[in-house]
There are 2 protein chains.
Amino acid sequence: MGKALTKNQALVLDTLSRADGPLSAYSILDDLRDEGMQAPPQVYRALEKLLKTGLIHRLESLNAYIACRDPDCVSHTVTGFAICETCGDVIEFAGEKISRQLKDWEDDNGFLAEKTTIELRGICKPCKG
Amino acid sequence: MGKALTKNQALVLDTLSRADGPLSAYSILDDLRDEGMQAPPQVYRALEKLLKTGLIHRLESLNAYIACRDPDCVSHTVTGFAICETCGDVIEFAGEKISRQLKDWEDDNGFLAEKTTIELRGICKPCKG
DNA sequence: TAGCAAGCGTTATATTGTAACACAATAACC
DNA sequence: GGTTATTGTGTTACAATATAACGCTTGCTA
Ligand SMILES: [Zn+2]
Ligand SMILES: [Zn+2]
Ligand SMILES: [Zn+2]
Ligand SMILES: [Zn+2]
């Protein structure tokens, strides 16, 4: 049972859920000025919590955040993101096989991964036409 | 035939090559003050060029840069990095199989990746003991 | 020799992220 | 209940990362 969110956490999550793409911390802040959010630390603290609970993801190559839209995300070993450079769309994918390949590499090399980042930057199907 | 590097590009590459781990743009700048490097744009422009030619890599999850140490790096479809949170070591790996899995996903989903980021954050073999 | 592309040096600014502090709400415990 | 530990809050100030824009130089090359 996941803990209830605080007001700020709920606001940030709500903003990310409504957005149709990744948002920077500062654009979240701007969106929430009217709701009483006033300074970066408030946003960053909420983001940190939401990341820890897996409700959102951080896109490292964009310095941006996105709400998790995959219902079984938690069950995946790794989550990948395909980011369209043209329309900005982000597709979250599971990559079970990739996950296994990475595990193999880890086992072979004695590396224990705590977090895995997989991000593709390119052009999505609709944008290719 | 790769073009010769300019002075600034050579300086930046040299700094990254000597380093035993990833460096931030600003620490490169600090290292090169005595060599005449004075402001961020000079470093960033050199980094951009070196990235384009594949001589260095950018670690997205660290906002840092590292010299390529894999002799056949260019022949790999994707390059992965395992970053130890304890000692800071970075291991560059090839991931041919992973590359193929990603290609499969791309084909299935009509996505054309131009750049692929794979970064593992965790603990390396020596640090685990 | 004129034009062009790439790089350079510089200043200023934009963007992203934290440290630190005092206080408030919440949860845990006896 | 009352005490205490944990977590979150609001705030100010600042650090770290990255880019815009300008005018100039250099080396090709047509
Ligand atoms: Zn997810
Ligand atoms: Zn697209
Ligand atoms: Zn490489
Ligand atoms: Zn290590």
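To find a chain, count down the sequence lines: A is the first, B the second, and so on, and within it residues start at 1.
Summarising the geometry, the separation between CZ on B/Arg33 and P on C/dT10 is reported as 11 Å, rounded to the nearest angstrom. Here the C1' atom of nucleotide C/dT15 and the CG atom of A/Leu29 are 13 Å apart, to the nearest Å. Following rounding to the nearest Å, A/Glu60 (CD) and C/dT16 (C1') show an atom-to-atom distance of 13 Å.
Ring pair A/Trp105/A/Phe111 is tilted by interplanar angle, where 30° to 60° counts as tilted.
Remark: B/Lys115 engages B/Glu60 in a salt bridge, criterion side-chain N to carboxylate O under 4.0 Å. Ion pairing between A/Arg100 and A/Asp104 fails under the 4.0 Å rule for side-chain N and carboxylate O. Salt-bridge formation is detected for the pair A/Lys103/A/Glu106: a Lys NZ or Arg NE/NH1/NH2 atom is positioned less than 4.0 Å from an Asp or Glu carboxylate oxygen.
Checking each of A/Phe93, A/Phe81, A/Tyr65 against A/His57 for a ring-ring contact (aromatic ring centres under 6.0 Å, His included) leaves exactly one that passes, namely A/Phe81.
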Where protein sits on nucleotides 9-19 of chain D, one letter per nucleotide: B base, S sugar-phosphate only, - none, heavy atoms under 4.0 Å: BBBB----BBB
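Using a 4.0 Å cut-off, no side-chain N or O of B/Lys49 falls inside it from OP1 or OP2 of C/dA6.
Looking only at distances, a side-chain donor or acceptor of A/Glu119 sits under 3.5 Å from a matching main-chain atom of A/Ser61.
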